[in-house]
Amino acid sequence: MSVHVEVDVTSGVPVYEQVRTQVVAHVAAGRLRPGDRLPTIRALATDLGVAPGTVARAFRELELAGVVVTRRRSGTVVADDAAPAHVTARDAAAAYVRAARAAGLTPDETVDLVRGALLT
Amino acid sequence: MRLLLLPLVLLPIAALAAIVTTVATARTPTGTGPDVETSPDAYARARRHAALVAGLSWAALVLVALTLPQTIPFGPDQGIVLACAPAVAGVVALLVAAVGERTWPRPAASVRRASLTRRTVRDVAPHGAAALALAWSAALLLVLLGTGLTADPDDGRSVTVQHESSTSGAGPYPGAPYGVPIAVAVVVLLVAAAVTLHLIASRPAVAQVSTADDARLRRAGARRVLAAVQLVVGGTLAGVLLVTGNSLRAAATSGYDVGGGWVETTDRVLHTLGVCGLAAAPAVLAATFVVTGSALARAARETAPGATALVRV
């Protein structure tokens with residue numbers, strides 16, 4: 001299964017932040033594993049129809065957070081120590097998303113519920 | 001010299017057939033196959049765009065291959081330009097294809113999607129087609145190296161055979177004066193092919209179309225490019241083999257009058273090599289035609305809506 005990022009250029013959230021959070025989410029979910037190669041900045045920017053600087057900023061933030069590393073030969077890859085979330089938490093998250101979708105919740109409402117749970 | 005014209009006549013015919021195949025198959029009725037993730041209309045538009053780019057590219061190939069030989073003035077270098085004409089036509093076709101790849105529409109919707117999987121030329125270029133194009137190129141360069149080393153050192157355009165008591169020669173023979181320009185033209189063609197394949201891999205993803213469908217369109221584009229490259233290189237190889245075989249066969253036999261009659265001596269090895277060259281030329285040409293036809297048909301078949309199951313190569 002191919003891993004995607006989806007951005008909304010009209011959203012109030014900057015595009016680079018949307019890319020960053022989705023890459024982090026894919027790593028946490030185990031869909032992107034350590035050593036997986038990400039597209040080049042230019043290729044991803046071309047596919048998303050955004051400026052290369054936007055993707056470059058997302059990759060820079062990811063690199064600062066230790067999620068990805070950029071190597072001269074292999075380009076940007078998922079860092080070796082960027083481990084996915086704990087397997088139990090990951091399974092619980094997947095089950096929660098399935099339940100939220102079944103209940104007809106939007107993605108924002110689903111995340112709001114998690115944020116609410118974290119406040120308790 | 002007339003033998004050189006054979007591939008030049010056959011190449012446009014093959015290319016014309018290719019255009020007809022591409023255009024005819026591009027008109028396959030579009031449907032709503034389950035493989036089209038978001039918008040069958042977007043996929044149909046992308047498929048038409050790909051067919052248009054391929055059609056224009058092949059039309060350029062035919063046009064240049066037909067007109068270039070007619071513009072060459074009669075003279076000692078006529079054969080050299082004629083031998084390079086297919087490769088020149090191929091380069092022009094690839095230039096058109098490259099420009100076409102730059103015309104794919106960029107994402108314009110507010111919500112945009114991209115795969116996080118790295119896409120390279122290796123991913124989009126069918127391995128078999130690439131291997132065949134490289135194999136024809138390697139064979140051509142090897143034959144040119146061999147003929148360059150064995151050509152008459154004085155003119156490089158003929159081959160001379162020393163018999164026991166006589167010498168015989170024949171031409172035209174693709175020595176360095178022919179071989180170097182042909183080799184340069186083929187190398188330029190291969191570089192142009194690599195650049196075009198890179199453009200196919202790096203063009204914007206088709207909006208509202210799944211990654212799998214987008215990959216199918218890229219693979220079809222790469223297959224069409226490689227089909228043209230192998231046709232041009234294979235056609236040139238066939239022409240070189242034809243000329244080489246003809247000259248070797250003619251030079252292998254020497255005849256002279258000893259006073260009491262005509263005596264002929266034949267170098268059997270060279271004669272056999274010449275016959276092999278003459279036999280291999282039409283075989284190579286036929287193979288390139290078959291491969292071109294099947295590659296173009298396959299490219300159209302693979303991108304037909306609902307053809308996902310066929311593409312897992």
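The structure displayed is predicted, hence computed values, not measured ones. Just so it is clear: chains get the letters A, B, ... in the order the sequence lines come, proteins before strands, and each one is counted from 1.
More than 12 non-hydrogen atoms from other residues, nucleotides or ligands lie less than 6.0 angstrom from CZ of A/R90. Residue-environment remark: NE2 (B/H198) stays at or below the threshold of 12 foreign heavy atoms within 6.0 Å.
You'll find the side chain of A/T46 stays beyond 4.5 Å of the side chain of B/R203, heavy atoms only.
Residues A/P39 and B/S115 come closest through the heavy atom pair CG-O, 3.6 Å. Residues A/L48 and B/R113 approach most closely at CD2-C, 3.9 Å, considering heavy atoms.
By number of non-hydrogen pairs under 4.5 angstrom with chain B, the leading residue of A/L38, A/T40, A/L44, A/V15 is A/L38.
Between A/D47 and B/R112, no side-chain nitrogen of the basic residue sits less than 4.0 Å from a carboxylate oxygen of the acidic one, so the salt-bridge criterion is not met.
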- Go through the steps for B/T211 and A/H4 under the test side-chain contact (heavy atoms from CB on, under 4.5 Å), then give the verdict. CA-CA 9 Å; B/T211 306; A/H4 291 87; 2.4 Å; yes
- Item | Candidate pair B/L116 and A/V23, rule side-chain contact (heavy atoms from CB on, under 4.5 Å), full reasoning | CA-CA 9 Å; B/L116 277 177; A/V23 171; 4.0 Å; yes
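For residues 101-109 of chain B, a heavy-atom distance under 4.5 Å to chain A picks out B/R106, B/P107, B/A109, given by residue number. Contacts between residues 65-74 of chain A and chain B, defined by a heavy-atom separation under 4.5 Å, are made by A/S74.
Only the backbone of B/S202 has a heavy atom closer than 4.5 Å to any heavy atom of chain A.
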